[in-house]
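Only one structure is covered here, and it is reproduced in the block below.
Residue indices begin at 1 and follow the sequence shown.
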Amino acid sequence: MLRILFSVLGIFSYSALAVHGRGCEDGAYDWSDKNECIQAFGAVVDQNAARQSCIHLDYFQGQLVQPHSLFENTQVATLVKGLGQNSFIGVEKSNNVSWTYVDGTELVYRNWAAGEPNPNHACAAMQIDGQWRSVDCDTAMSFVCSYPDNK
C-alpha cells in the first residue's frame, strides 16, 4: 500500500511512503532507497531520551532521522504532520559551532525556517510543514527515528 502526499510549493512535490516494508515494524515505513525504516513516536521527551529510544530500535542500530534531500525531508514531514506537533530530527550543533547530523557527518541538506537556526539552541526539530527549527535540547517533544530494514 502506498500513501501519497502532494503539496504545492510553487511546484508539485511527491513523496511516497510504503507501509510495513520488508523489514519495517508495525507503524514504520520504508524510507527512501536506503533500506531503512522511519517511524514517528508521539512520546514527548527531551532530545537525549529521543536519541536513546532510537538507538534501541532494531537491535541498537537506530538513530534520530537524518534527512539528506528534499525527498527524504518530505517523507519525514508526512510523519511529523501525522503527529500534529514538532518533532526532533537527527540534526544538532556540534561543539556549539556548526550544524551536523547526529552521527557527526556534515549536513548535505538543510531546510531551516526563516530566521533559523537560533545561535542559542543546539538541537533541531521539524515542524509539521517540514521546515526545521532550532530548539533547546531539553525541550520535550515527539521524535522520528530511522533504523535498518534488514529483516
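- Rounding to the nearest 0.5 Å gives a distance of 11.5 Å between OG of Ser146 and CD of Gln75.
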**OP:** Before giving the answer on side-chain contact (heavy atoms from CB on, under 4.5 Å), spell out for Met126 and Val144 the whole-Å C-alpha distance, their side-chain angles and the decisive distance to 0.1 Å.
**Re:** CA-CA 9 Å; Met126 183 179 287; Val144 180; over 6 Å; no

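- Across all their heavy atoms, Gln66 and Val102 have their closest contact at OE1-N, 3.2 Å.
- The nearest pair of heavy atoms linking Trp99 to Pro117 is NE1-CG, 3.4 Å.
- Separating the OH atom in Tyr101 from the CD1 atom in Ile89 is a distance of 8.5 Å, to the nearest 0.5 Å.
- Follow the hydrophobic side-chain contacts under 4.5 Å out from Val76 and you reach Leu107 in the same cluster.
- Put simply, Leu70 and Val65 are part of the same group of oily side chains (I, L, V, M, F, W, Y) that touch within less than 4.5 Å, one to the next.
- Here the shortest heavy-atom pairing between Ser142 and Gln85 reads OG-CG, 3.3 Å.
- Here the OG atom belonging to Ser53 is positioned 4.0 Å from the CZ atom belonging to Phe143, to the nearest 0.5 angstrom.
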Below 3.5 Å, can you tabulate the donor-acceptor pairs from side chains in residues 39-50 to any protein atom, sequence neighbours excluded?
from: Gln39; atom 1: NE2; to: Asp26; atom 2: O; distance (Å): 3.3
from: Asp46; atom 1: OD1; to: Asn48; atom 2: N; distance (Å): 3.2
from: Asp46; atom 1: OD1; to: Ala49; atom 2: N; distance (Å): 2.8
from: Gln47; atom 1: NE2; to: Glu92; atom 2: OE1; distance (Å): 3.4

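- Surrounding CG of Asn95 are at most 12 heavy atoms belonging to other residues, nucleotides or ligands under 6.0 Å away.
- Interatomic distance, Asp149 CG to Ile38 CD1, rounded to the nearest 0.5 Å: 12.0 Å.
- What you find for Asp103 and Gln63 is that their closest heavy atoms are CB-OE1, 4.0 Å.
- Nearest heavy atom pair, residue Ile128 against residue Gly84, reads CG2-C, 3.8 Å.
- A side-chain donor-acceptor contact under 3.5 Å links Glu72 to the backbone of His68.
- Proximity of a side-chain donor or acceptor of Lys81 to a complementary backbone N or O of Gly130 within less than 3.5 Å is not detected.
- A donor-acceptor pair under 3.5 Å is absent between the side-chain atoms of Thr100 and the main chain of Val91, judged by distance alone.
- Across all their heavy atoms, Asn118 and Ser134 have their closest contact at N-OG, 2.6 Å.
- Note that CD of Glu36 is 10.5 Å distant from CG of Asp30, once rounded to the nearest 0.5 Å.
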Subject >> Derivation and outcome, side-chain contact (heavy atoms from CB on, under 4.5 Å), residues Phe88 and Met141 >> reply: CA-CA 7 Å; Phe88 282 115; Met141 64 179 58; 3.3 Å; yes

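- Under the 3.5 Å distance criterion, the side-chain polar atoms of Thr78 are matched with a main-chain donor or acceptor of Thr74.
- With rounding to the nearest 0.5 Å, the separation of OH in Tyr109 from CZ in Phe71 is 12.5 Å.
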